[in-house]
Protein chains: 2
Amino acid sequence: MEKEDALNALAALGQETRLDVFRLLVKAGKEGMTAGAISDALEVRPNTLSTHLGALSRSGLVHAERDGRSICYRADLQTMQVLVTYLLQDCCGGNPELCAPIASIAAGKICDTEGSC
Amino acid sequence: MEKEDALNALAALGQETRLDVFRLLVKAGKEGMTAGAISDALEVRPNTLSTHLGALSRSGLVHAERDGRSICYRADLQTMQVLVTYLLQDCCGGNPELCAPIASIAAGKICDTEGSC
DNA sequence: TCGTTATTTCGAGTATTCTCGAATTATGGA
DNA sequence: TCCATAATTCGAGAATACTCGAAATAACGA
């Protein structure tokens, strides 16, 4: 991942409405949500939301797919993975122990509710 | 982690100079770097850097410790862990398979260079 | 084709953020 | 105590980001 990509993704998430949108889509899972449904859920005007969805899209954190009249948005967790990897690059160079807390991000911690993760 | 904390951390990292500082400190590891050393390394004016270090500090991504006339900054990877966990909360609710890519963030991926991670 | 619904694009106003020079605080040594 | 070094705080200007109403585009059904 290039620095500019990481910067775009982080700046995208560093704004309240967009963070809300991303987390909502993470929860929505593979089914995603239409722009309208997101607008209703978060009570954000459609045109304002559209601007934010554009930013999230450009950063690769979400993807859009047209479905009839609606457009369905889904979170891209792989971009998140690449982003975190970028942020922690070279963290083990001199001091492996610093990475220990990060290792616990793995399956166990995030996916407690589902044994299969 | 509260939403405001996540927002602060993400907004902090979504700015070029601060992202550079954080990554530099991640690489520096437990020894950290003084404000002056960071200023020299990134060629950022001391007062501007100080503002950015303040933002990173307030967000919990770095911590400061005075050492004589200098102030030493270190990255806090635990805050990163909590942040990522927050971002991916409930991602497994309905669709465990979405979490798969994230699981690979664990030890193996990030810490390739050091078997002990 | 025409009207309706879903979403995006445009333009402007407001608010926030970034950067800098100058001044200030804090520490250690002569 | 006095000076030099290290870092932060202050205030202002320039740039960027956010939100909104209005208008435009896209898709479906009658």
Side-chain angles (χ1 to χ4, degrees), chain A residues 3-25 28 31-76, chain B residues 3-25 28 31-76:
Chain A
K3 182 163 97 172
E4 197 182 330
D5 299 327
L7 220 35
N8 282 337
L10 290 164
L13 291 174
Q15 200 277 336
E16 185 164 17
T17 302
R18 289 193 297 259
L19 179 57
D20 288 342
V21 169
F22 181 75
R23 298 230 310 146
L24 188 63
L25 290 177
E31 296 195 2
M33 287 177 77
T34 64
I38 299 170
S39 176
D40 289 344
L42 301 180
E43 300 185 55
V44 180
R45 284 170 209 283
N47 58 349
T48 300
L49 177 64
S50 183
T51 302
H52 290 310
L53 284 170
L56 286 167
S57 257
R58 279 190 297 281
S59 75
L61 286 166
V62 309
H63 289 106
E65 186 189 1
R66 183 171 277 278
D67 175 26
R69 272 189 277 214
S70 301
I71 296 183
C72 185
Y73 285 88
R74 294 183 186 80
D76 183 339
Chain B
K3 182 163 98 173
E4 197 180 330
D5 299 327
L7 221 34
N8 282 336
L10 290 164
L13 291 173
Q15 200 277 335
E16 184 163 18
T17 303
R18 289 193 297 259
L19 179 57
D20 289 341
V21 170
F22 181 76
R23 298 230 311 146
L24 189 63
L25 290 177
E31 295 195 2
M33 288 178 75
T34 65
I38 299 170
S39 176
D40 289 345
L42 301 180
E43 299 185 55
V44 180
R45 283 170 211 286
N47 57 349
T48 299
L49 177 64
S50 184
T51 302
H52 289 311
L53 285 170
L56 286 166
S57 260
R58 278 189 299 280
S59 75
L61 286 166
V62 309
H63 288 108
E65 186 187 1
R66 182 171 278 280
D67 176 26
R69 272 189 277 214
S70 301
I71 295 183
C72 186
Y73 285 88
R74 292 181 187 82
D76 182 340

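A note on names: the letters A, B, ... follow the listed sequences, proteins ahead of strands, and every chain is numbered from 1.
Candidate nucleotides D:dT8, C:dT19, D:dC20 were compared by shortest atom distance to the side chain of B:Asn47, and D:dT8 ranks first. With distances taken from any side-chain atom of A:Arg66 to the nucleotides D:dA6, D:dA7, D:dA27, the minimum falls on D:dA27. Considering only the side chain of B:Thr17, C:dT19 comes nearest among C:dC18, C:dT19, D:dT19. Among the nucleotides D:dT8, D:dT19, D:dT9, the one closest to the side chain of A:Thr51 is D:dT19. Comparing atom distances between the B:Ala35 side chain and each of D:dT8, D:dG21, C:dT4 picks out D:dT8 as nearest.
Protein atom CG of A:Leu7 is 14 Å distant from nucleotide atom P of D:dT16, rounded to whole Å. Put simply, CZ on B:Arg58 is 10 Å from P on C:dT17, counting in whole angstrom units. One atom, CD1 of B:Ile71, and another, P of C:dA26, lie 11 Å apart when rounded to the nearest Å. A:Ile38 has its CD1 atom 14 Å from the P atom of C:dA6, to the nearest Å. Following rounding to the nearest Å, A:Arg45 (CZ) and C:dA6 (P) show an atom-to-atom distance of 17 Å. When the P atom of C:dT7 is taken as reference, atom CG of A:Leu56 falls 16 Å away, rounded to whole Å. The separation between B:Leu49 atom CG and D:dA6 atom P is 14 Å, rounded to whole Å. Atom CD of B:Glu65 and atom P of D:dT8 are 14 Å apart (whole Å).
Nearest-nucleotide positions on DNA chain D for B:Leu53 and A:Asp67 put B:Leu53 closer to the 5' end. When the nearest nucleotides of DNA chain D are assigned to A:Arg18 and B:Ala37 by heavy-atom distance, the more 5′-ward of the two goes with B:Ala37.
Nucleic acid contact for A:Thr34: sugar-phosphate only, since backbone atoms but no base atoms lie under 4.0 Å from a heavy atom of the residue. Among the heavy atoms of the strands lying under 4.0 Å from B:Thr48 is at least one base atom, whether or not backbone atoms are also near. Among the heavy atoms of the strands lying under 4.0 Å from A:Ser50 is at least one base atom, whether or not backbone atoms are also near.
A sub-4.0 Å separation between OP1 or OP2 of C:dA6 and a side-chain N or O of A:Tyr73 is absent. At C:dT17, none of the side-chain N or O atoms of B:His52 fall inside 4.0 Å of OP1 or OP2 (strictly under the cut-off). Side-chain N/O atoms of B:Gln15 include none lying less than 4.0 angstrom from OP1 or OP2 on D:dA17. An OP1 or OP2 oxygen of C:dT7 is reached within less than 4.0 angstrom by no side-chain nitrogen or oxygen of A:Arg69.
Without hydrogens or angle criteria, A:Ser39 side chain to A:Val44 main chain gives a donor-acceptor distance under 3.5 Å.
Minimum heavy-atom separation, A:Gly14 to B:Leu10: CA-CB, 3.7 Å. What you find for A:Leu13 and B:Leu7 is that their closest heavy atoms are O-CD1, 3.8 Å. Considering all non-hydrogen atoms of both residues, B:Met33 and B:Ala28 come closest at CG-CB, 3.8 Å. Across B:Ala6 and A:Leu19, no two heavy atoms sit closer than the pair CB-CD2, 4.3 Å. When all heavy atoms of B:Leu24 and B:Ala41 are compared, the pair lying nearest together is CD2-CB, 3.9 Å.
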